[in-house]
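Comments concern the structure below.
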Amino acid sequence: MSETCRDVVVVGAGPTGLALAIALRQYGLDVAVLEKEPHTKREVRASIMWQRALEVLRDLGCADKFVGGGLPLRQAEIYVRGHRVGGHEMSVSHTLFPEPLSIEQIATEELLTERLGELDTTVRWESEAVDVRLYADAAEVDVRGPNGRAETIACRWVVGCEGAHSLVRKALGVPFEGERRTGLQAVQINAEPDWKYAYKPDTSYFFFERRVCLIASPRPGGGYRFFAFVSDPDPALVAPPDAEEMRELIARAAHDAALRLTPTQPLWLNRARFHDRIAASLREGPAMLVGDSAHMWAPIGGRGLNTGLRGAHNLAWKLAAVHHGWARDALLDTYSTEQRAAATEIMRQMRHNVTELPPAPATLAAMRLALPALMAGERFSGRGRILLSDLARHHRKSALSADGAGRAALRAGDRMPDLPVTEGGRRRRLHDLLSYGRWTALLVHGRSTGDGADLEAAAAAVDRALARHALPAEVFHVRPGHRDTGRLPSGTLHLMRPDGHIGLRAPAADSRALQDYLHTWFTLK
Ligand SMILES: Cc1cc2nc3c(=O)[nH]c(=O)nc-3n(C[C@H](O)[C@H](O)[C@H](O)COP(=O)(O)OP(=O)(O)OC[C@H]3O[C@@H](n4cnc5c(N)ncnc54)[C@H](O)[C@@H]3O)c2cc1C
């Protein structure tokens, strides 16, 4: 039986499928979300939400609930062979979310499901996509529903958010390029420790020992998530570790022989191995891939879920713009190129992230010597902080980034920081002017109040150009604080994408640059 045609079928109600469905519903699309399981995941996986992902959740209308349900992490204490080598400050500036959040993936999926419900959409549980047929501008999805009931859903778009074994990826015939990660496994337990380290709800511990990197992160429900990357001498061993094995490992890595460990309920003991893979393309015609169906890797740095959320955030506004006829189809291809570039960069960085890989003895000795000085310096710590936050990730090389305003600290493709500005005579946060529901043109005025006259003609041209095109947009005149004139030089236009990245940066008087940009990507009214 085939039901009426839906705008989008999202296959998989993991975190990325849920986030994508929320964003598409906010844009008014009719979305069916299929999930083969009867409820959200019960297994423990991701436990950290980095700052950029929290900004994404704000755009999805649910960041407050995450902040209310998680623990902000401000500090990481680093120990090498039992010696403290430094503390790593996690807070960053120019965002509404200075700290990352400790929150279990179980809670993440529940909160996203709740938010989707607020948008009058419920997940179709126990509904497994069993076949996908793709046409030039439509798709059909065969579904096995509760009690084996079969149906076919016709749709304009289908998005595979169904994880590693993606059916949509197979229907696309897209290779999942990469390999199994050898020599590395992760073991974990959620437990309450009785040990020599102080409990601070905002502090994680990192312990490095021979061939072990152990991370202890405080959990919102109490106790810690103990997550250890260890070498993998016996790849055939698949059974989870038992509590005593974990106690011995933690006691050795933390140099605390007297450690006692009480597993928290529900009992969670896990052994995981990983693949590093990226799909060769994330979009062909009516089908797209998001999250683990598009890219996956060992969870070094806690990137998988976070990157999937950013992918859903990148895709949804583009899909909505093409679906509503505001933008040309080529806009959708930029999701694939931008997200593949982001995933490739993350995979490269995490393969070389010595701060979470189980160290060989020689590396351990070097860490013990070098880390105290490195961590005491702002250069190393600051770079680490910003890298982990994901706030500096950019799309500078994307076809959608056009830069014609000379060199500056901020370039087309960059995420716009949440800078203080004056707008309409009031002090505002820049992010309060941006919106995920539209494009935003920022006309930047100089520091003195009298220099706005020459921007008036430019503003009229910007208004006219935007009014001719179908994209929803709003224009603001902003004056940056004196510290930020290097980032927002006066007399420039920044055309902001809905996801907070700079699309076009040009001299405000260069109306041709704006017209060309709009003509390339958007349709006329
Ligand atoms: C041990 C471990 C620790 C991790 N730690 C972190 C971390 O700290 N930080 C981080 O960011 N990431 C972490 N990750 C990665 C993170 O868990 C994944 O990146 C994330 O779950 C991907 O979300 P997703 O929605 O793309 O896919 P999934 O979470 O895999 O969800 C896919 C959903 O699709 C459903 N499905 C599958 N096939 C079908 C079908 N045919 N029809 C209908 N439904 C289907 C599945 O049941 C599932 O619910 C970790 C992963 C592991 C294994």
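Whatever order the structure lists ligands and atoms in, that order sets their numbers, starting from 1. Values in this document were obtained by computation on a predicted structure and should not be read as measured data. Here, residue 1 is the first one in the sequence, and each next residue gets the next number.
Residue-level proximity to ligand 1 for Ser166 is absent, since no heavy atom of it falls below 4.0 angstrom. At a heavy-atom distance under 4.0 Å, atoms from both the backbone and the side chain of Pro15 approach ligand 1. Contacts between Cys161 and ligand 1 below 4.0 angstrom, taking non-hydrogen atoms only, involve the backbone exclusively.
The shortest N/O to N/O separation between Glu109 and ligand 1 does not fall below 3.5 Å. For ligand 1, the polar-atom distance check against Arg225 finds no nitrogen or oxygen pair separated by under 3.5 Å.
Within the 3.5 Å criterion, the main-chain N or O of Gly301 finds a donor-acceptor partner in the side chain of Trp50. Side-chain N or O atoms of Glu35 include one that pairs as donor or acceptor with a backbone N or O of Ala13 at under 3.5 Å.
Looking only at heavy atoms of the protein, atom 42 (N) of ligand 1 is closest to Ala129 N, 3.0 Å. Of the protein's non-hydrogen atoms, Arg45 CD, 3.7 Å is the one closest to atom 52 (C) of ligand 1.
With 3.5 Å as the limit, one finds no donor-acceptor pair spanning the side chains of Glu77 and His88.
Annotation: Trp195 is in aromatic contact with Tyr205 [ring centroid separation under 6.0 Å].
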Practice item. Check the pair Glu109 / Gln105 against side chain to side chain donor-acceptor pair (under 3.5 Å), numbers first and verdict last. Key: CA-CA 6 Å; Glu109 294 188 17; Gln105 184 162 337; 3.1 Å; yes
